[in-house]
Amino acid sequence: MTQQQAPLKFPTEFYDAYIFDMDGTIYLGDHLLPGVTRMIEELRRRDIPIRYLSNNPTKDPQLYLEKLERLGLPTDISEIANTVVTMTNWLKEHHPDAVVFPIAEEPLINAFKDAGIKLSDNPEEIDIVVASYDRTFDYRKLQIAFDAIWFHKRAILVATNPDRYCPFPGGRGEPDCASIIAAIEACTQTKCQIVVGKPNPEMLYECLVGLDVDLKHCMMVGDRLGTDIQMAVRAGMVSAMPLTGDSTWQEAVALPEKDQPTYLLDRVDRLIPQSAWEELGWTEDN
């Protein structure tokens, strides 16, 4: 049976809050995916809280805000969380005095500096190597991590996200944080001690701070089984996977039932129950 022939499953009710992945769920590249605008507008019309969540540490919340607004989705910065925020807060809470070597791009490095986290590229004083999605990764950075972890036997390895690649429009992509973790683990014979991004439920708890909602009545919406959907499973919450991004219907139904998305959608505006579609006069073409 093909993905197009496959039975899909749509929600029949609204939930108390919706948490959206962005890449592959809300947009792909610089284009909104079908139905996104009217779905978000309808949730806002009903005063249902919305949160946006991303594993991408190459953008800070302000950059995401600017992108969403450029695409026609008015957003408050308090509605956006990503691994820049999560990793910074995790270091401040669990290792406030640590000296950190970030294998990272400017948004994460700047967030560390703004938070007063001590940074160094001297292997003799590094306590934590932070691996992230870094398009400036080179042999020098790998050598520093190697020396701090293996030679000086003092640093631990942590990471922002476990994604293998970042998807691009047209099916192409580029290597993400998992490739950098693998390189460091291979040469140091160590293991990454924690990955703070999805599927770690820590991101969920953080993004819902201030909302008086029960996780069991919230929905996580994302296109990746191994991160978005697995995070919802770990947190015990409802999930929906639109077939517009990374994971496929075939991959979803091949999983044990407990690990499958609650809902499988051909397009993200199917989150709005069919009864509301009829009430609003929606069709797939309008």
Side-chain angles (χ1 to χ4, degrees), residues 8-26 36 39-40 42-57 61 64-65 68 73 75-90 92-94 159-163 194-247 252 255-265 268-273 276:
L8 302 176
K9 187 177 180 183
F10 306 146
T12 58
E13 61 181 326
F14 286 97
Y15 287 81
D16 293 345
Y18 291 80
I19 304 163
F20 291 97
D21 171 58
M22 288 183 273
D23 300 302
T25 301
I26 296 294
V36 166
M39 174 198 65
I40 296 295
E42 182 61 18
L43 294 178
R44 293 207 185 278
R45 188 178 74 83
R46 294 173 180 266
D47 294 321
I48 298 176
I50 292 168
R51 293 292 183 267
Y52 295 105
L53 206 56
S54 175
N55 264 0
N56 189 336
Y64 277 113
L65 174 70
L68 289 169
L73 299 178
T75 307
D76 189 276
I77 200 160
S78 65
E79 296 175 322
I80 301 170
N82 75 331
T83 45
V84 169
V85 176
T86 308
M87 178 55 82
T88 302
N89 289 345
W90 183 84
K92 286 168 61 181
E93 179 179 353
H94 296 281
T160 54
N161 59 296
D163 301 80
I194 187 171
V195 179
V196 300
K198 298 179 287 185
N200 189 334
E202 188 69 28
M203 289 195 78
L204 279 175
Y205 308 144
E206 192 165 302
C207 81
L208 290 174
V209 168
L211 288 181
D212 186 20
V213 293
D214 187 330
L215 265 184
K216 292 181 180 177
H217 299 138
C218 299
M219 181 186 286
M220 177 66 214
V221 186
D223 67 300
R224 290 193 169 193
L225 290 165
T227 53
D228 304 310
I229 306 307
Q230 184 56 222
M231 180 173 64
V233 170
R234 292 185 187 184
M237 66 187 293
V238 170
S239 64
M241 191 181 88
L243 300 171
T244 52
D246 181 56
S247 297
L255 292 172
E257 188 173 352
K258 66 180 179 61
D259 293 324
Q260 293 181 16
T262 314
Y263 302 107
L264 279 168
L265 318 173
V268 75
D269 54 353
R270 293 289 189 191
L271 292 174
I272 305 299

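Index from 1, following the sequence.
- Here R51 pairs with nothing under the salt bridge (Lys or Arg N to Asp or Glu O under 4.0 Å) rule; sequence neighbours left out.
- Contact detail for C207 and L53: the closest heavy-atom pair is CB-CD1, 4.0 Å.
- Here the CG-CG distance, from D214 to D16, works out to 8.0 Å after rounding to the nearest 0.5 Å.
- Summarising the geometry of Q260 relative to L255, their closest heavy-atom pair is NE2-O, 2.9 Å, with the distance given to 0.1 Å.
- T262 places no side-chain N or O within donor-acceptor distance of the main-chain N or O of A240, the cut-off being under 3.5 Å.
- When all heavy atoms are compared, the tightest approach of P57 to N82 is CA-ND2, 4.3 Å.
- N200 places a side-chain N or O within donor-acceptor distance of the main-chain N or O of V195, the cut-off being under 3.5 Å.
- Judged by distance alone, with hydrogens and angles left aside, the side-chain atoms of T227 form no donor-acceptor pair with the main-chain N or O of P199 at under 3.5 Å.
- Residues L73 and I26 meet the side-chain proximity criterion, which asks for heavy atoms closer than 4.5 Å.
- Between M241 and P261, the shortest heavy-atom contact is CB-CG, 3.8 Å.
- Around CG of D76, the count of heavy atoms belonging to other residues, nucleotides or ligands within 6.0 Å exceeds 12.
- Between T160 and T86 there is no side-chain heavy-atom pair separated by less than 4.5 Å.
- Side-chain contact check for Q230 versus D259: some heavy-atom pair is nearer than 4.5 Å.
- No side-chain N or O of Y52 forms a donor-acceptor pair with one of T75 less than 3.5 Å apart.
- Judged by distance alone, with hydrogens and angles left aside, the side-chain atoms of D269 form no donor-acceptor pair with the main-chain N or O of M39 at under 3.5 Å.
- With K198 as the partner, the side chain to side chain donor-acceptor pair (under 3.5 Å) test is satisfied by one option alone out of N55, D228, D163, N161: D228.
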